[in-house]
Asker: 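Submitted below is the structure of interest, expressed as structure tokens.
Numbers for residues simply follow the sequence, beginning at 1. Heavy-atom basis, side chains included; hydrogens, waters and symmetry copies ignored. Counting starts at 1 for both ligands and their atoms, following the listed order.
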Amino acid sequence: MNQILENILSRRSVREYKSEQISKESLDQILLAGRYAASGKNKQPWKFIAVQDKKILNLVDKTLKQSILNIDSENTTEVISKYLNFLKPKAESSDDLFLGAPTLIIIAAQKDNYTSRDDCALAAGNMMLMATELNIGSCWLGMLPIFTEAPEIRNIFEALGIPENYDIYSSLALGYPTKDFKKIIDKKDDVIEII
Ligand SMILES: Cc1cc2nc3c(=O)[nH]c(=O)nc-3n(C[C@H](O)[C@H](O)[C@H](O)COP(=O)(O)O)c2cc1C
């Protein structure tokens with residue numbers, strides 16, 4: 001099978017990581033794959049912040065957990081409120097929200113740009129595929145974007161170099177998996193129509 005298709009089909013979300021850090025060379029290749037994603041009008045509106053410093057990862061984890069526990073789910077949309085119900089037990093647990101991954105890539109982009117959300121999703125997809133090629137596990141983590149406006153989260157991200165006019169659209173856990181993760185599974189096959 002051709003290599004790109006094999007990576008696309010066999011990439012699985014990894015939720016258990018070794019503590020060993022990924023190599024600098026691999027991280028650089030993953031970030032390069034993100035930078036070369038297509039973007040609306042080629043604006044490349046993003047910033048990718050790879051966090052590997054354990055103290056910062058712990059701080060983000062702790063702050064995010066507190067934000068999850070403090071947020072009033074009644075004042076959010078039904079969809080977010082459901083997601084928060086799923087997140088609350090995780091926030092109460094001592095396990096870290098980033099699945100123990102040694103690297104977290106935060107994907108932020110300019111708020112006032114119409115295609116930022118799409119651009120970031122595509123960049124994240126590229127990075128997950130590159131990681132798969134390098135036998136590095138990855139998982140998209142959806143909770144950070146919910147708190148992109150929360151002052152306690154913004155304070156941390158501003159210190160990490162995410163400007164005020166940027167929102168966080170995605171974050172990716174990255175690391176060596178505890179077990180082989182590549183597997184081709186069944187996916188919906190009734191989603192295509194060729195007319
Ligand atoms: C937008 C988006 C948000 C996601 N959020 C989470 C998340 O917060 N936590 C998590 O463990 N997985 C998350 N995932 C991973 C999905 O659960 C996973 O892609 C899906 O179950 C399909 O499995 P696969 O990635 O192995 O094909 C997310 C994926 C996407 C695309």
Asker: With distance as the sole test, does Ser93 use its side chain to make a donor-acceptor pair with the main-chain N or O of Pro89 at under 3.5 Å?
Answerer: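 No.
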Asker: Report all protein residues having a heavy-atom distance below 4.0 Å to some atom of ligand 1; order the list by chain, then number.
Answerer: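 Within 4.0 Å of ligand 1, the protein residues are Arg11, Arg12, Ser13, Arg15, Tyr83, Cys139, Trp140, Leu141, Gly142, Lys187.
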Asker: Would you find a donor on one side and an acceptor on the other, under 3.5 Å apart, between the side chain of Ser23 and the backbone of Ser26?
Answerer: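 Side chain of Ser23 to backbone of Ser26: a pair is present.
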Asker: Considering residues, nucleotides and ligands other than Glu16, do more than 12 of their heavy atoms fall under 6.0 Å from its CD?
Answerer: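 Not buried by this count: 12 neighbours or fewer within 6.0 Å.
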Asker: Test of understanding: with side chain to side chain donor-acceptor pair (under 3.5 Å), list the residues that count as partners of Asn135, not counting sequence neighbours.
Answerer: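 Asn135 satisfies side chain to side chain donor-acceptor pair (under 3.5 Å) with Lys182 only.
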Asker: Do other residues, nucleotides or ligands put more than 12 heavy atoms under 6.0 Å from the CD atom of Gln3?
Answerer: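 Counting other residues, nucleotides and ligands, CD of Gln3 exceeds 12 neighbours.
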Asker: Between Ile22 and Gln52, is any pair of side-chain heavy atoms under 4.5 Å apart?
Answerer: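 Yes, at least one pair of side-chain atoms sits under 4.5 Å.
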